[in-house]
Every structure is written in structure tokens, then in C-alpha cells.
Peer 1: 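For reference, the structure I am asking about is given below.
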Amino acid sequence: MTATPKDLAARRPPSERLIELGLSAAAVVGIATTIGIVVVLVYQTLIFFNQVDIVEFLTGTVWSASIKPYAWGILPLLAGTLLIAFIAILVGAPLGLLSAVFLAEYASDRVRNTIKPILEAIAGIPTIVLGFFAINWLTPVVLKPLIPGIGGFSALAAGIVVGILITPLITSLSDDAIRAVPRSLREGAYAMGATKWEVIRSVVFRAGISGIAASLILAVSRAAGETMAVYLAAGTNPQLTLDPRESVETMTVFIAAVSLGDTPATSIQYQSLFAVGAMLF
């Protein structure tokens, strides 16, 4: 007589059932936490929009949360966030992808096993250290002599340090995606007379595009969510500009700046934190 799945499950030792229960609980906690975050954001955001017109919030070009007259146009914060993320990906994507190609296709095992841990260690550098690097060396020593009119705080400096920050992320994930491409595809291309660079460009990149695209998407998300490095390098001037030489404020910097102050929990400034957080989310 063949045992049913129910019979087999009943024969499992109690320790295995306990492990399964623990794994299920971990999954439920993760899902519940995400749902809780969304619920809190939505609830507090609706309270904010009971006091502020949502059209003004989404289309306004002036943001002033601490100085009267108050203005709640999110576009300056949104523009600052996108500008810095765009500069960061311009810096991080070429460096990360070229590093990944070198590690996966050109470097020996010894070189790869030496360089990759170093690159991944860069990702562990506290972001506030990169912020100090930007305001104490990058801006005064490098950018000011090269770019006329750039200020002490600028979107360009913030974008560069965030680009350095996301480079190891792109490198690591893209390297894994490239190395996962079957060797048979490479050998088939070589058999047809393709050069190494043609194989990388036309075969390896196309076969691994999903992993490479995922690394870039994660990098953009990381850049948009960065706080402390941007706080120090870009300043806290919420203005609607696309000039990288100007000081700007991002959504995360606003959240950090207001959260560190003595903002009453019942004030509109406190509620605006959740509206900006929902926009970022």
C-alpha cells in the first residue's frame, strides 16, 4: 500500500516540524512587516492630505516645511532625488559594468579572488564617511578648480560619491550574471570566428541581460534612497533645478532633517514626513 503525503508528513520527527514552523513564521513576519509599513504610510499620508491639496503637493514647485509661508510642492525634492540618482548611475554603471566584465572574462582566479572582496568591502564603508570625503576633498580640491560656479554643496558632488557607493553593487551582481552564462554559448561564438570582445558584447551581455538590468535597477533604488552622504554633499536647499552645480535637497534628506528636530507628532510637518516617504516608496 502506497503511503499518502499526509502519512509521510505524520512520520516526520518533531524537530523537522519545528524547523518548518520556524521558517513559515519567518516568512509571515517579513510579509506582515511590509504590510505594516504600507498601512502606516497610507494612513499618515491620508491625514496629511486632509490638510494639503494633493494636486498642490504633486505639482507645486516650492517646498517650505519649516519657514512660513508653508509650501508643500514635492517637485523640488523629487527633482533633487532624480538628479542625484541620475548622476550616480552615470558614474556607477560604467565603472561597475566594466569591472564586472574584467573580473568575469579577463581576470585570473587569483586576481578575481583578490579584487572582488576589496570591491565588496567598499560597499561597507559608512556613507557618512563618503559625505565627509565629498565636502572636504572632492568639492574643494577637484570640482571647484574644474567647474566654475560650483558651490560648497552641489548635486554633482553628491552624485559622484553615491556613484562610488553603488559601483560595488553593480559589479558584484553583474559579475554573477555574466559568469552564469553557459560556456557553450561562448564556445559557439568563438567557433564562428568572433573575437573576445564581440563574444562579450553580442553573446554574454545579451544572455545575462536580466541579471545586469536587475543590478542597475537595484543601484538606482540604492542611489535614490541614500541619505547621509547626500545630506553632507548636496545640502538642504529644496529648489527646482537641473543644474548639478547647485545645492539641492532630496526626499530622504528632508525626512532625516525633520526627523532629527523637535517636530511635534501632531504637526503638519510631522505628517509631511509620511507623505514624502510614501512618494519615495
Side-chain angles (χ1 to χ4, degrees), residues 41 61-67 72-96 122-144 146-147 149-171 215-261 263 269 272-281:
L41 279 177
T61 58
V62 178
W63 181 270
S64 178
S66 56
I67 301 176
W72 307 105
I74 193 67
L75 289 183
L77 300 183
L78 181 61
T81 301
L82 295 178
L83 177 60
I84 291 175
F86 178 72
I87 296 172
I89 204 66
L90 286 182
V91 173
L95 291 177
I122 296 175
I125 296 176
T127 57
I128 194 169
V129 174
L130 291 174
F132 278 116
F133 167 75
I135 61 175
N136 289 319
W137 188 82
L138 179 62
T139 298
V141 177
V142 178
L143 296 181
K144 281 192 174 182
L146 293 177
I147 304 175
I150 193 169
F153 302 98
S154 67
L156 180 60
I160 291 174
V161 294
V162 174
I164 295 172
L165 180 67
I166 65 175
T167 295
L169 175 63
I170 298 175
T171 300
S215 73
L216 295 176
I217 292 171
L218 287 173
V220 171
S221 301
R222 178 73 176 84
E226 176 51 39
T227 304
M228 292 312 299
V230 177
Y231 197 165
L232 294 177
T236 56
N237 183 18
Q239 58 175 329
L240 184 59
T241 179
L242 296 179
D243 188 348
R245 301 173 300 173
E246 296 289 335
S247 172
V248 297
E249 185 175 35
T250 65
M251 291 184 280
T252 54
V253 168
F254 167 75
I255 293 171
V258 175
S259 299
L260 295 176
T263 306
Q269 287 82 4
S272 70
L273 294 176
F274 295 93
V276 174
M279 188 74 177
L280 182 63
F281 185 82

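Source: prediction; values computed, not measured.
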Peer 1: Do any N or O atoms from the side chain of Gln239 and from the backbone of Ser247 form a donor-acceptor pair under 3.5 angstrom?
Peer 2: yes
Peer 1: If you look only at pairs with a residue in residues 237-257, which of them pass as a ring-ring contact (aromatic ring centres under 6.0 Å, His included), with sequence neighbours excluded?
Peer 2: Trp63-Phe254
Peer 1: List the atom of Ala229, the atom of Leu130, and the distance in Å for their closest heavy-atom pair.
Peer 2: CB-CB, 4.4 Å
Peer 1: Kindly give the heavy-atom pair with the smallest separation between Pro140 and Ile135, and that separation in Å.
Peer 2: CD-O, 3.4 Å
Peer 1: Using atom types as modelled and distance alone, determine if a side-chain donor or acceptor of Ser154 lies under 3.5 Å from a backbone N or O of Glu246.
Peer 2: no
Peer 1: Output all residues satisfying ring pair (Phe, Tyr, Trp, His ring centres under 6.0 Å) with Phe86, sequence neighbours left out; order by chain, then residue number.
Peer 2: none
Peer 1: With a 4.5 Å limit on heavy-atom distance, are the side chains of Phe153 and Asn237 in contact?
Peer 2: no
Peer 1: Can you tell me if Thr81 uses its side chain to pair, donor with acceptor, with the backbone of Ala224 under 3.5 Å?
Peer 2: no
Peer 1: I need the minimum non-hydrogen distance between Pro238 and Leu77, along with the two atoms involved.
Peer 2: CB-CD2, 3.9 Å
Peer 1: Roughly how far, to the nearest 0.5 Å, is CD1 of Ile166 from OG1 of Thr171?
Peer 2: 10.0 Å
Peer 1: How long is the span from the CG atom in Leu83 to the CG atom in Leu78, to the nearest 0.5 Å?
Peer 2: 11.0 Å
Peer 1: Side chains of Thr227 and Thr127: does their closest heavy-atom pair fall under 4.5 Å?
Peer 2: no
Peer 1: Looking at every heavy atom in both Val62 and Pro76, which two are closest together, and how far apart are they?
Peer 2: N-CG, 4.1 Å
Peer 1: Within the side chain of Thr139, is there an N or O that forms a donor-acceptor pair under 3.5 Å with the backbone of Ala134?
Peer 2: yes
Peer 1: Side-chain atoms of residues 272-281: list all donor-acceptor pairs with protein atoms under 3.5 Å, sequence neighbours left out, distances to 0.1 Å.
Peer 2:
{"residue": "Ser272", "atom": "OG", "partner": "Gln269", "partner atom": "O", "Å": "2.5"}

Peer 1: Less than 4.5 Å apart, any side-chain heavy atom of Ile160 and any of Leu143?
Peer 2: yes
Peer 1: How far does CG of Leu156 sit from CG of Leu146, to the nearest 0.5 angstrom?
Peer 2: 10.0 Å
Peer 1: Checking the side chain of Glu249 only, and the main-chain atoms of Met251 only, is there a donor and an acceptor separated by less than 3.5 Å?
Peer 2: no
Peer 1: Could you walk me through whether Val248 and Ile84 pass the side chain to side chain contact (heavy atoms under 4.5 Å, CB included) check?
Peer 2: CA-CA 9 Å; Val248 297; Ile84 291 175; 3.9 Å; yes
Peer 1: Provide the closest heavy-atom pair for Glu226 versus Thr252 in the form atom of the first, atom of the second, distance.
Peer 2: O-OG1, 2.7 Å
